[in-house]
Structure formats: structure tokens, C-alpha cells
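Take a look at the structure below.
Treat the numbers as computed from the prediction; the structure is a model and nothing was measured. Chain letters run A, B, ... following the sequence lines, proteins first, then strands; residues in each count from 1.
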Amino acid sequence: MSQEFRFQLHCADQSCSARRATFFTPHGPVETPAFMPVGTQGTVKGIELDRLRETGAHMILANTYHLATRPGEETVVALGGLHKFTGWEGPILTDSGGFQLYSLANCAKATEDEVRFRSHIDGRLLALSPERAVAIQEALGSDVAMVLDHVVALPNKPEKVRDACERTIRWAARCQKAATRRDQALFAIVQGGLDLELRVECARQLAEMDFIGYAVGGLSVGEEPVEMYKTLDAVCPAMPYEKPRYLMGVGRPIDLLEGVRRGIDLFDCVMPTRNGRNASAFTDAGPLRLRNKQFTRDDRPIEEHCPCPACRRSRGYIRHLFMAKEMLGPMLLAVHNITYYQRLMRDARAAIETNSFMEFYARRVAGWAGA
RNA sequence: GGGGGGUUUCCCGAGUGGCCAAAGGGGUCAGACUGUAAAUCUGAUGGCAAUGCCUUCAAAGGUUCGAAUCCUUUACCCCCCA
């Protein structure tokens, strides 16, 4: 394995499975546990790069299906690759397009060989095989590529979940075989729905293949949060201890802490940016819906001591921006929410370092519950 | 002076005898959002002691079992001819 992707463990919390590490990539280190903002189409919606950097984010996401569909990976290559194309000089992880099998289910069909997408833009066919998913990600030039996986909605028929899980393992092997870049890490994805035995078996088989990192996929796709936590209880110990663990697509602030205490190192989620665009701001006292009338003359910032640009204004002003449909409203709350998520993770890292993660966890949970 | 058209629930606007507390937008209020087809979507929006009752379609009066819808008068607005 390339020395470029060293995962250096610093310490582990004694009261839970949380651990503190640094994940090295060709575009810089990522301090974990970490939250990665989602920039599906090569932009974290509504946030300029320097603003994004100021939130404390190290690594961001982009999406294989979306970039292959538009502008096309050849165009990204022609414009210098993903980093030059987007201007983001830090690490980038590309999702494989497996999630679009779930989110764009109407336009996608999975066979044993590949996923066939009818483009949601112009109806053109995009055939995404495991090999093609790797080739596109290598062309894009992300630091971390994800294997193509088969994501199914939950709840689902046991045989569908099992099929998707077993196919994901076969596809992982094909992706691994197809990968050629030494400066790009390939992460495997554990599937298996809520079937704990299937999950553990999937993790065990993938672990034997020796990937650089391991992800848990197929969660927060319709199941109850407690079911997700139970699944993590089973899966996390089955994933290699000395490699990065990434919980895909999760989640709310509470979900991040639930993940961290079970030994997850990396997270991504659209929630801070999407909910921000929809006027919802995260705080230690729970979310504020800033379109609500109660904020009309509220002269306080969203959160005291928050250093973000939104918190240099009043809640009343931000409500005004949303009511007037000014684009600055969504932009400010996207930055605030990413700043909030980054602070949450930074505080979590500090708590692990002082061996007090569960105290930190209890304090935050109590705050969100309004205690 | 003569002729014609109009006034609808916060706004715009449909509705020409019962199925109308009244379509559809907008606004407002509330909710949702978890590897982004999302600056999107959903619900509510006359009042109330609310499986019902009361008040409303410019105002007043009338016709009718029944009127936002038909008739009369009044007020205001618009257009055409003098």
C-alpha cells in the first residue's frame, strides 16, 4: 500500500470506540473524525472556496455519475483534472455513482455487469460498470475513489438486500482489479441492509481484499436511526481497525456523534448545505428554522461565538433574506451549517484526545434536546 | 349627455341559480430534508364552544324552496360616442 495514504492513529477513547487519527492524502492530511462537505457537481453549493476553507473543512466530495453526465470526465480532464477544475486544492473524495442507483432509481437499472443510467438531463445512456466507475474516477483525479456499490432502499426484501450485498462484493473485486493509479486510494463499501450477519460477513470478505479504506453504505435510506446505530454496532468491529472507516451519507449532528463513538472516522452528508438552503440553521440548542415568524425582530446571531459570516448578522436579517428570496440567505446558512459541523468534529477530536468523548457526547445531546 | 364593461375571501383571479366558505396562482403560517434531478417538497390559510353552526363575493332592497350568480336602485372604476 502506498505510503501516501497512511492512516496514523493517535489515540483511542477509553469509554467508547472513538479514535483520533490523521489520514494522509496527496492533497494534504485529514484530521479524523472528520466531516466532508458534499460538492456533487464540483461545488459545495453556495460556498466559495475560501469561505469553505475557513469553515475548517479539509476534504470534500464530488460525484462520478453527475460529473460524467455533465460536463463529462473528458471535459474535466481537459480543464486540468478535478482539483484544477474546481479550484479546491485539498483532498477530494469521489463517490462512485452507486448511490444514484437509489436516488435516481427511476433512471437506473442494475445488472450483474453494470448499472445502466438513462441520464436525468437528456436521457442519454450512461453505462457504469465497476471498471468504468474506476476509470472515470481515475480520470477525474480524486484522492479517494469509491468502489461501485449496489444501494437499495430500506426496508427491503431480504433476498434483494442479500443480492445487492453480494454483488457489491463482486464489484469491489472488479474495481480493485481495474484500479491503476498509485496516487488514488480505493475504498470498499460494506452493504447488507439491516441484516447484521450479512453486514459482518460483507465486512469480513472485503477486509480480506485489503482496501486502503472501508465505508459503510446503504444506511439512512429509510430505516429508523436506532436501526442504523445497531447496524454500526455490528459492522464497525468487523472493519479493519487500522484503516479509515467512512460512514457514507450520514447525517444529522446526533448521527455523527453516534458514529464517532462506534469508531467511524469519516462522514459526509448534504444536510448542512441543503437544510441551510432551506432556512434551517444548526446550533448547540438544536436547529433554528429561520423563516419562522418568531425571528422577525431577533437581533441575536444564530449562535453566540460562532465565527462564521452569517453570525456577524442578526437572525432577523437572515430571516429577511429568506423572505425576500435573496441568494445570500442560502449562502450564509450553508456556510454557518458547515462551520457548525466542522466545529462539532473539532470538539469531538479534542474530546477524544482528552479521553472524554462520552462526556462531550452527553453535553451535546442534552443541548440539542433543549435541556 | 348617450352606450357598454366592471367591483369575488390578504392580493391577483376563476366562478352566471343548488355539488360554493367559493378553482388556480401569489402572499403568509407551519412542517420535512441524511454518499444532492432539492434556493426543493408537503400541509394549512373567513370565524367558532368545529362530524356542526355563524359571517362573507361593493351597498341596500327584491325574485326564488334556494342567490357570488337573476331584477331594481345607489356608490366607485374603466372604455366608446357626443
What's A:Q191 touching, base or sugar-phosphate or nothing? Going by heavy atoms closer than 4.0 Å. base

Over how many whole Å does the gap from A:E258 atom CD to B:U34 atom P extend? 18 Å

Complementary nucleotide for B:A14 - Watson-Crick or wobble, under 3.5 Å: none

Both A:V147 and A:M327 contact RNA chain B. Taking the nearest nucleotide for each, which residue is further toward the 5' end? A:V147

Regarding the side chain of A:F99, the nearest nucleotide among B:G35, B:U40, B:A30 is B:G35

Which whole number of Å gives the distance between the P atom of B:G47 and that of B:A23? 14 Å

Please work out if A:G218 contacts a base, only the sugar-phosphate, or nothing of the nucleic acid, heavy-atom cut-off 4.0 Å. base

Given B:G27, B:C33, B:U36, identify the nucleotide with an atom nearest to the side chain of A:N278. B:C33

Can you check the distance between B:C29 and B:C76, where both ends of the measurement are the C1' atom (answer in whole Å)? 34 Å

Between A:R118 and A:N275, which is nearer to the 5' end of RNA chain B once each is assigned its nearest nucleotide? A:N275

To the nearest Å, give me how far apart CE (A:M228) and P (B:U34) are. 12 Å

So with a 6.0 Å cut-off around CZ of A:R116, is the heavy-atom count from everything else above 12? no

Given B:A38, B:C29, B:C33, identify the nucleotide with an atom nearest to the side chain of A:K293. B:C29

Within less than 4.0 Å of OP1 or OP2 of B:U34, is there a side-chain N or O belonging to A:R274? yes

Give A:L61 one of three labels, base, sugar-phosphate or nothing, depending on what nucleic acid heavy atoms sit under 4.0 Å from its own. sugar-phosphate

Would you say B:G31 has OP1 or OP2 under 4.0 Å from some side-chain N or O of A:N292? yes

Give me the distance, rounded to whole Å, that separates B:U69 from B:U7 when you measure between the C1' atoms they each carry. 14 Å

Please report the distance, rounded to the nearest Å, between CD in A:Q294 and P in B:A30. 8 Å

Is any side-chain N or O of A:S220 closer than 4.0 Å to OP1 or OP2 of B:U34? no

Do A:F99 and A:L206 share a hydrophobic cluster (ILVMFWY, side-chain heavy atoms under 4.5 Å, transitive)? yes

A:L154 CG to B:U34 P: how many Å, rounded? 14 Å

Hey, does A:S103 reach any base, or is it just sugar-phosphate, or nothing, if we go heavy atoms under 4.0 Å? sugar-phosphate

Report the distance from atom CH2 of A:W171 to atom P of B:G35, rounded to the nearest whole Å. 20 Å

Report the C-alpha separation of A:R51 and A:E54 in whole Å, then their side-chain angles, then the decisive distance to 0.1 Å, and conclude whether the salt bridge (charged side-chain N to carboxylate O under 4.0 Å, His left out) test is met. CA-CA 5 Å; A:R51 285 279 102 82; A:E54 285 166 13; 3.1 Å; yes

Look at all strands and tell whether A:V221 reaches a base, only sugar-phosphate, or nothing, counting heavy atoms closer than 4.0 Å. nothing

Is there a donor-acceptor contact under 3.5 Å linking the side chains of A:T22 and A:Q8? no

Look through every strand shown and name the nucleotide pairing with B:C19 as Watson-Crick or G-U wobble, where both distances are under 3.5 Å. none

Counting any heavy atom closer than 4.0 Å, what does A:K45 reach on the DNA or RNA strands: base, sugar-phosphate only, or nothing? base

Tell which nucleotide pairs with B:A30, taking only Watson-Crick or G-U wobble pairs whose two distances are both under 3.5 angstrom. B:U42

Taking the basic N atoms (NZ, or NE/NH1/NH2) and the acidic carboxylate oxygens, is any pair closer than 4.0 Å for A:R174 and A:D113? yes

From C-beta outward on A:R291, which listed nucleotide comes closest to its side chain: B:A38, B:G31, B:U34? B:G31

Output yes when A:D13 and A:R19 qualify as a salt bridge under the 4.0 Å nitrogen-oxygen rule, no when they do not. no

Using OP1 and OP2 only, check whether a side-chain N or O of A:Q41 sits under 4.0 Å from B:A37. no

Once you round it to whole Å, what is the distance between P of B:G35 and CG of A:L256? 12 Å

Suppose you measure atom P in B:A30 against the same atom in B:G35; what distance do you get, rounded to whole Å? 26 Å

Evaluate the ring planes of A:H120 and A:H66, with Trp represented by its six-membered ring, and classify them as parallel (under 30°), tilted (30 to 60°) or perpendicular (over 60°). perpendicular

Please confirm whether any donor atom in the side chain of A:D149 sits under 3.5 Å from an acceptor in the base of B:G35, or the reverse. yes

Under 3.5 Å for both donor-acceptor distances, Watson-Crick or wobble: does B:C76 have a partner, and if so which one? B:G6

Gap in Å between the two C1' atoms, one belonging to B:A58 and one to B:U9, rounded: 14 Å

Can you tell me whether the side chain of A:D268 and the base of B:G35 have a donor-acceptor pair closer than 3.5 Å? no

When clusters are formed by joining ILVMFWY residues with side-chain heavy atoms under 4.5 Å apart, either directly or through shared neighbours, do A:L101 and A:L219 land in the same one? yes

Looking at every strand, decide which applies to A:M323 at a 4.0 Å heavy-atom threshold: base, sugar-phosphate, or nothing. sugar-phosphate

Categorize A:I189 for me: base, sugar-phosphate, or nothing, with a 4.0 angstrom heavy-atom threshold over every strand shown. base

Using the C1' atoms only, state how far B:U56 lies from B:U45, rounded to an integer number of Å. 16 Å

Separation between the C1' atoms of B:G13 and B:G25, rounded to whole Å: 8 Å

A:F24 ring centre to A:R6 NZ or CZ under 6.0 Å, with the angle to the axis within 45°? yes

Gap between atoms CG and P, on A:L290 and B:A32 respectively (whole Å): 14 Å

Using whole Å, report how far OH of A:Y341 lies from P of B:C33. 11 Å

B:U73 and B:C80, which share atom name C1', separated by this distance in whole Å: 25 Å

Quick check on B:C29: is either OP1 or OP2 less than 4.0 Å from any side-chain nitrogen or oxygen of A:R319? yes

